[in-house]
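These notes concern the structure reproduced below.
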There are 2 protein chains.
Amino acid sequence: MRRLAWSVLTTTQPTTGTEPDLAALASLLADRTRASFCTALLDGRAWTAGELARHAGVAPSTASEHLTALVGAGLLAEVRQGRHRYVRLASRETAELIEAMSAAAPKAAPPRGLKAVHRSNALARGRTCYDHLAGALGVAVAEAVTERGWIDWEDGPSLTAGGRTGLAGLGVQIPARTRRPLVRSCLDWTERRPHVAGAVGAALCSRALEAGWLVRLGGTGGGRAVRVTAEGRAVLAGTLGVPDEVLESAGA
Amino acid sequence: MRRLAWSVLTTTQPTTGTEPDLAALASLLADRTRASFCTALLDGRAWTAGELARHAGVAPSTASEHLTALVGAGLLAEVRQGRHRYVRLASRETAELIEAMSAAAPKAAPPRGLKAVHRSNALARGRTCYDHLAGALGVAVAEAVTERGWIDWEDGPSLTAGGRTGLAGLGVQIPARTRRPLVRSCLDWTERRPHVAGAVGAALCSRALEAGWLVRLGGTGGGRAVRVTAEGRAVLAGTLGVPDEVLESAGA
DNA sequence: CGCATGTTTCGGCCGCCGCCGAAGCGTCCC
DNA sequence: GGGACGCTTCGGCGGCGGCCGAAACATGCG
């Protein structure tokens with residue numbers, strides 16, 4: 001049993017009623033360039049201003065102004081290092097917000113150009129979603145652990161006792177004593193089906209990267225697509241029972 | 001134990017990679033008028049085009065165009081009835097998205113005008129957040145049920161066995177066999193502390209309104225502020241242990 | 001020190017978009 | 001039928017905001 005982190009005794013006096021400026025927040029993301037920055041940063045890493053500018057196809061000066069706006073609003077956090085300006089998403093909450101908006105957003109026109117199509121397909125097959133797995137791979141993993149009885153979806157997703165031991169057997173460290181939900185359902189924007197987020201989703205993903213079951217694709221600015229390695233394929237098919245078709249297309 | 005609603009056997013072939021158009025969605029909410037429509041509709045009811053126009057202080061023609069855009073994008077659902085055009089939020093997911101964005105949004109300048117200040121203060125004291133309670137009242141209820149041991153926040157919020165019986169004693173019908181999380185934490189934008197959403201939050205709120213513990217304030221276009229009645233005060237203080245100060249200021 | 005590189009500031013241009021009022025259409029009610 | 005009312009369409013106006021290039025500034029490196 002655990003109490004709320006905030007004491008009941010702390011102030012309950014009504015805040016002076018300033019309502020949230022929804023339009024101001026939305027304006028920040030309402031621009032193709034700024035939105036593409038945020039989407040790119042969903043890989044959880046820090047990018048330099050120049051990388052983001054090239055990624056979005058705008059002049060460095062333009063990117064600089066956009067970044068100032070996003071950092072000023074608290075959506076991004078920045079670290080200046082030498083002549084570089086590194087930015088990343090400010091918090092996991094910010095990442096979750098962008099994820100949630102992406103799932104609700106309409107689909108853009110299909111990408112043009114061979115490179116763009118390749119990248120887009122790679123993203124659809126398997127990617128990280130800030131700190132957990134998404135794409136066909138993420139959905140397949142979610143379904144596999146459900147089949148295994150590790151996660152129960154009755155009344156919202158929850159980790160079963162079997163799931164705890166199963167994950168432990170894979171070397172996945174499940175954090176305890178956190179206010180973060182262990183399992184959170186996250187709607188996948190390629191598959192329109194849920195994948196596993198929350199503390200467990202994050203732990204599983206970080207374990208998979210650390211153990212070399214997955215590797216990130218693409219060089220600088222490559223983004224968040226991942227590929228399943230041979231060892232990963234053995235583990236995911238064997239222990240989790242992820243279907244071979246998915247692993248095959250998400251491999252190599 | 002319950003399976004995912006979508007069969008593992010259904011297609012896992014990668015969707016042709018069309019990425020979500022985050023900017024398009026955000027653009028819809030990036031306008032003060034459209035944002036105020038959505039915020040107003042967070043009360044969960046259907047408003048007419050004219051009501052929304054007056055609420056936002058724009059001409060009917062302007063409102064009409066905005067509504068067409070919001071409905072076209074699938075954010076709002078509309079029902080035409082005689083010479084009226086009723087609109088409401090399209091789904092609970094949409095409401096949750098707007099909630100989540102409101103919590104992340106910067107605070108607007110304090111309202112001007114006596115009426116606006118009053119309304120704003122009423123919202124801060126107690127309001128509905130689509131289908132559950134929010135504001136100082138919502139936060140106090142969340143803390144009270146936590147004190148009672150009805151909700152446990154370890155590893156994410158969950159309903160305890162004691163909570164089930166306690167809520168049943170209040171006549172709150174907890175839905176079973178749903179994929180919706182029973183308890184979801186929702187950050188309150190006035191209090192910056194969590195209140196209770198999810199199936200349980202919704203059931204509690206609807207029970208409170210149905211039993212007359214709470215009543216909605218304000219006439220047409222009044223919005224989502226609620227007031228605690230005398231009976232409500234007895235129940236909330238007695239059974240739930242909500243502090244008197246909160247009930248007092250949220251009453252009358 | 002001098003050059004390359006990454007970033008920022010500033011002016012100016014252009015397009016988009018939100019606004020209104022006028023006019024028109026459909027519905028309701030007397 | 002006639003008038004009131006709610007909503008929509010259209011044209012036109014005005015402002016905001018994103019874009020770039022040029023120039024300046026900062027850093028790192030030889």
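By convention in this document, chain letters (A, B, ...) are assigned in the order of the sequence lines, proteins followed by strands, and residues within each chain are numbered from 1. Please read all numbers here as calculations on a predicted model, not as lab measurements.
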Charged N to carboxylate O below 4.0 Å: is that the case for [X] and [Y]?
{"X": "A:Arg233", "Y": "A:Glu231", "answer": "no"}
{"X": "A:Arg216", "Y": "A:Asp43", "answer": "no"}
{"X": "A:Glu19", "Y": "B:Lys107", "answer": "no"}
{"X": "A:Arg184", "Y": "A:Glu96", "answer": "yes"}

Counting only side-chain N and O atoms of [X], is one of them less than 4.0 Å from OP1 or OP2 of [N]?
{"X": "A:Ser61", "N": "D:dC20", "result": "no"}
{"X": "B:Thr33", "N": "C:dC19", "result": "yes"}
{"X": "B:Arg85", "N": "D:dG6", "result": "no"}
{"X": "B:Arg80", "N": "D:dT8", "result": "yes"}
{"X": "A:Arg34", "N": "D:dC19", "result": "no"}

Would you mind reading off the distance between [X] atom [atom1] and [N] atom [atom2], rounded to a whole angstrom?
{"X": "B:Glu78", "N": "D:dG6", "atom1": "CD", "atom2": "P", "result": "18 Å"}
{"X": "A:Leu70", "N": "D:dG17", "atom1": "CG", "atom2": "C1'", "result": "14 Å"}
{"X": "B:Arg32", "N": "C:dC19", "atom1": "CZ", "atom2": "P", "result": "11 Å"}
{"X": "A:His66", "N": "C:dT7", "atom1": "NE2", "atom2": "C1'", "result": "15 Å"}
{"X": "A:Asp31", "N": "D:dC16", "atom1": "CG", "atom2": "P", "result": "17 Å"}
{"X": "A:Leu67", "N": "D:dG18", "atom1": "CG", "atom2": "C1'", "result": "14 Å"}

Donor-acceptor pair present, A:Glu65 side chain and C:dC10 base, under 3.5 Å |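 Yes, the side chain and the base share a sub-3.5 Å donor-acceptor pair.
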
Answer with yes or no whether the side chains of A:Thr94 and A:Ser91 bring together a donor and an acceptor at under 3.5 Å.
->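 A donor-acceptor contact under 3.5 Å links the two side chains.
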
Map B:Ala49 and A:Gly57 onto DNA chain D by nearest heavy atom, then report which one ends up closer to the 5' terminus.
->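 The residue mapped nearer the 5' terminus is B:Ala49.
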
Hey, can you tell me if B:His132 and B:His195 have their rings parallel, tilted or perpendicular (30° and 60° cut-offs)?
->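 Aromatic pair B:His132/B:His195 classed tilted.
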
End-to-end axis angle, where each axis spans five pairs of the helix from C:dC1-D:dG30 to C:dC30-D:dG1, to 10° =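 The value is 30°.
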
What does B:Thr48 touch in the nucleic acid at a heavy-atom separation under 4.0 angstrom: a base, only the sugar-phosphate, or nothing?
->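 Result for B:Thr48 = sugar-phosphate.
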
Tell me, please, whether B:Trp189 has B:Arg127 positioned over its six-membered ring: NZ or CZ under 6.0 Å from the ring centre and within 45 degrees of its axis?
->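 Pair B:Arg127/B:Trp189 counts as cation-pi.
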
Passing candidate, side chain to side chain contact (heavy atoms under 4.5 Å, CB included) with A:Leu89, options A:Leu97, A:Ile98, A:Leu70 |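 Between A:Leu89 and the candidates, side chain to side chain contact (heavy atoms under 4.5 Å, CB included) is satisfied uniquely by A:Ile98.
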
Distance in Å, B:His55 NE2 paired with B:Leu41 CG, rounded so as to fall on 0.5 Å steps |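 Answer rounded to 0.5 Å: 8.5 Å.
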
Between protein and nucleic acid, restricted to nucleotides 26-30 of chain D and to nitrogen or oxygen atoms under 3.5 Å apart, what atom pairs and distances do you find?
residue: D:dT27; atom: O2; partner: A:Arg83; partner atom: NH1; Å: 3.1

